[in-house]
Amino acid sequence: MTTKAETKTPRETVTLIDNSNGRTLELPLLPGTVGPKVMDIRPLYNDLGIFTYDPGYTSTGSCKSAITYIDGDNGILLHRGYPIEELAEHSDFLEVAYLILKGELPTAVQKTKFVGDITRHSMLNEQINFFFRGFRRDAHPMAVMCGVVGAMAAFYHDSTNIHDPHQRMIAGYRLIAKMPTVVSWAYKYSLGQPFMYPRNALSYSENFLHLMFATPCEEYKVNPVLARAMDRILILHADHEQNASTSTVRLAGSSGANPFACISAGIASLWGPAHGGANEAVLQMLTEIGTKARIPEYIGRAKDKNDPFRLMGFGHRVYKHYDPRAKIMQRTCHEVLDELGMKDDPLLDLALELEHIALNDDYFIERKLFPNVDFYSGIIFQAMGIPTQMFTSLFALARTVGWIAQWHEMLTDPDQKIGRPRQLYVGEPMRHYVPLDRRG
Ligand code: CMC
């Protein structure tokens, strides 16, 4: 991977002075194409014997990347330079997937080939069918996904050699193509319904709705408004630079682990309620709040430092402005509810009121807490008939393309090393073993 920043000679530097001994170190400032400069601290330990301390990586860049750019202060999200609003409006999920993976929008010929390649990888090895059956019917779909996706390494050996570019590509295509089948089978299994097989004549999003909602008993006609909404939701979740799950995929992959294991690790990380699990948590929160009259009580709880409750779907590590994805999601939510004749949906009404109250509350204003991508997605999913437990799996489905692109970028980066953070040790210094009869 090369970035424009990499080709420039850094002219600016930062000088660090260790006041305990007067030693200094001049560190280069690396300019990105846009965004803040990054101080290159690689010589720090060798030259000064010092590590940095940054829990949660609030000021640490963990890699170079040319995939996604976020300007959190201004609510800007770009994939390969293209604004998310333009992609959500004019593109489709597989075209965005191509862009994220390969760096450019495809030509018509490239797009046809890519769509064909993905479509022809959508079936799962039939043996995986039995793997699903080993789970309890009430298993959380994210638990099923962690297991099944990790186990895919056992079924697709011929795409686990990470040093072979062709195998890397095939593994990526397989994961993107098979994920709708995995997610829908987790759902079908929970219902006790037969697994449906992919339909190659359908688009990626249409096929996913077919896999989820069709049964072998009757013809299922995909609603084009819902298919378009699903496609847009997938675009909005496709990548988001170095978030927790993506960083997990990169870290797992940095040891040379196979792609199926790495994506399974990403799914595990995404599951948490502070990350992808928030869409499920938003719906649970709205259901618990129940009526507009109870909103002030929950706003009060969110502000109370002694109460662990947080307003789910609000706040973001990077966005200190309205999340641009949340705006598109809100619009999509209205479109879907209109189409389904649910204009007066009480949950949407409650969400809009909650958003309005929070956006006018000093606590949220001062901390720059705005709705994020998860605030409205749950309402759309619920209206489509997708159960709450499935929400985070849909996020995982969409994010698979971002994880694959970032994993691939990491492996082809000449600076790539195994990820190995250091620490500030605060435990006991060396002491000597005391035999049991002399302790106490
Ligand atoms: N409700 C109430 N207070 C909040 C919230 C919230 N949702 N989010 C942040 N705060 C407060 C927090 O208590 C802190 O206040 P103070 O400065 O007085 O201690 C301040 O805002 C800064 O919060 P932080 O925890 O230091 O910020 P962070 O960058 O570590 O956390 C976050 C970001 C997304 C984990 C957090 O905002 C949160 O827990 N939000 C709710 C969960 C959620 O919606 N997650 C989805 C994120 S977007 C999709 C994704 O990434 O997967």
Side-chain angles (χ1 to χ4, degrees), residues 54-60 68 70 72-73 75-77 79 84 142 145 233-250 265-286 288-289 295-330 351 354-381 388 391-403 406:
D54 185 18
Y57 307 111
T58 54
S59 294
T60 298
T68 293
I70 304 173
D73 292 331
I76 292 170
L77 168 61
H79 292 315
I84 189 67
M142 289 296 276
M145 286 186 78
I233 292 170
L234 298 184
I235 293 173
L236 294 181
H237 288 90
D239 190 51
H240 213 229
E241 54 118 304
Q242 309 312 320
N243 53 79
S245 56
T246 302
S247 300
T248 302
V249 170
R250 279 186 178 256
I267 293 170
S269 169
L270 186 77
W271 193 356
H275 193 8
N279 53 16
E280 185 178 337
V282 170
L283 241 272
Q284 282 158 356
M285 176 188 75
L286 290 174
E288 193 183 311
I289 297 176
I295 292 176
E297 178 195 332
Y298 281 82
I299 294 275
R301 285 186 59 194
K303 294 176 355 184
D304 180 356
K305 292 290 161 216
N306 298 316
D307 188 330
F309 175 77
R310 281 190 166 198
L311 213 52
M312 299 314 286
F314 254 78
H316 197 274
R317 171 62 62 78
V318 184
Y319 293 117
K320 301 302 166 201
H321 194 281
Y322 212 101
D323 179 340
R325 301 168 302 171
K327 273 191 200 150
I328 306 167
M329 205 62 96
Q330 195 200 57
L354 181 61
E355 177 186 344
H356 175 75
I357 294 179
L359 290 178
N360 288 292
D361 187 295
D362 284 347
Y363 174 94
F364 292 88
I365 296 169
E366 279 159 20
R367 288 168 183 76
K368 300 185 176 164
L369 300 171
F370 293 89
N372 59 48
V373 69
D374 292 316
F375 194 68
Y376 286 103
S377 59
I379 300 174
I380 308 178
F381 291 150
T388 320
F391 292 178
T392 312
S393 311
L394 271 75
F395 192 154
L397 187 173
R399 183 56 57 84
T400 298
V401 60
W403 289 332
Q406 301 266 354

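Indexing begins at 1, ligand by ligand and atom by atom, following the structure's order.
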Please report the shortest heavy-atom distance between [X] and [Y], naming the atom on each side.
X	Y	value
A281	M312	CB-CG, 3.7 Å
P324	I84	CB-CG2, 4.1 Å
R399	S245	NH1-OG, 4.4 Å
H275	D374	O-OD2, 3.6 Å
L236	R325	O-CD, 3.3 Å
F375	V282	O-CG1, 3.5 Å

Element-labelled atoms of ligand 1 that are located less than 4.0 Å from some non-hydrogen atom of [X]:
X	answer
G313	43 (C), 44 (O)
F395	52 (O)
A278	43 (C), 44 (O), 45 (N), 46 (C)

What protein heavy atom is closest to [atom], reported as residue, atom name and distance in Å?
atom	answer
atom 34 (C) of ligand 1	G315 O, 3.7 Å
atom 47 (C) of ligand 1	N372 ND2, 3.5 Å
atom 52 (O) of ligand 1	H275 ND1, 2.6 Å
atom 48 (S) of ligand 1	H316 CD2, 3.4 Å
atom 7 (N) of ligand 1	L311 O, 2.7 Å

Given 3.5 Å as the limit, does a donor-acceptor pair link the side chain of D323 with the main chain of P371, or not?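 Judged by distance alone, no pair lies under 3.5 Å.
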Backbone N/O of A396 and side chain of T400: donor-acceptor pair under 3.5 Å: yes
Please confirm whether A274 comes within less than 3.5 Å of ligand 1 when only nitrogen or oxygen atoms on both sides are compared. yes
Min N/O separation L369 to ligand 1 under 3.5 Å: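 Between L369 and ligand 1, no N or O pair is found under 3.5 Å apart.
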Per-residue contact class, D374 against ligand 1 - non-hydrogen pairs under 4.0 Å: side chain
Tell me the contacting part of F375 for ligand 1: side chain, backbone, both, or neither, using a 4.0 Å heavy-atom threshold, strictly below. neither
From atom 26 (O) of ligand 1, is the closest protein heavy-atom distance below 4.0 Å?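 Neighbour list for atom 26 (O) of ligand 1 is empty of protein heavy atoms (cut-off 4.0 Å).
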Among all the protein's heavy atoms, is there at least one whose distance to atom 43 (C) of ligand 1 comes out below 4.0 Å?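 Within 4.0 Å of atom 43 (C) of ligand 1, protein heavy atoms are found.
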Side chain to side chain donor-acceptor pair (under 3.5 Å) with Q406: which of D239, T246, T68?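 Only one of D239, T246, T68 forms a side chain to side chain donor-acceptor pair (under 3.5 Å) with Q406, namely D239.
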Pick from Y376, F364, F370, Y322: which one makes a ring-ring contact (aromatic ring centres under 6.0 Å, His included) with F314?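 Output: one option passes, namely F364.
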Using the rule ring-ring contact (aromatic ring centres under 6.0 Å, His included), only one of F395, F391, F381 pairs with H237; which is it? F395
[atom]: which of [options] has the nearest heavy atom?
atom	options	result
atom 18 (O) of ligand 1	R367, K368, R310	R367
atom 29 (O) of ligand 1	R399, K320, R317	R317
atom 3 (N) of ligand 1	F314, Y363, F309	Y363
atom 13 (O) of ligand 1	K305, R325, M312	K305

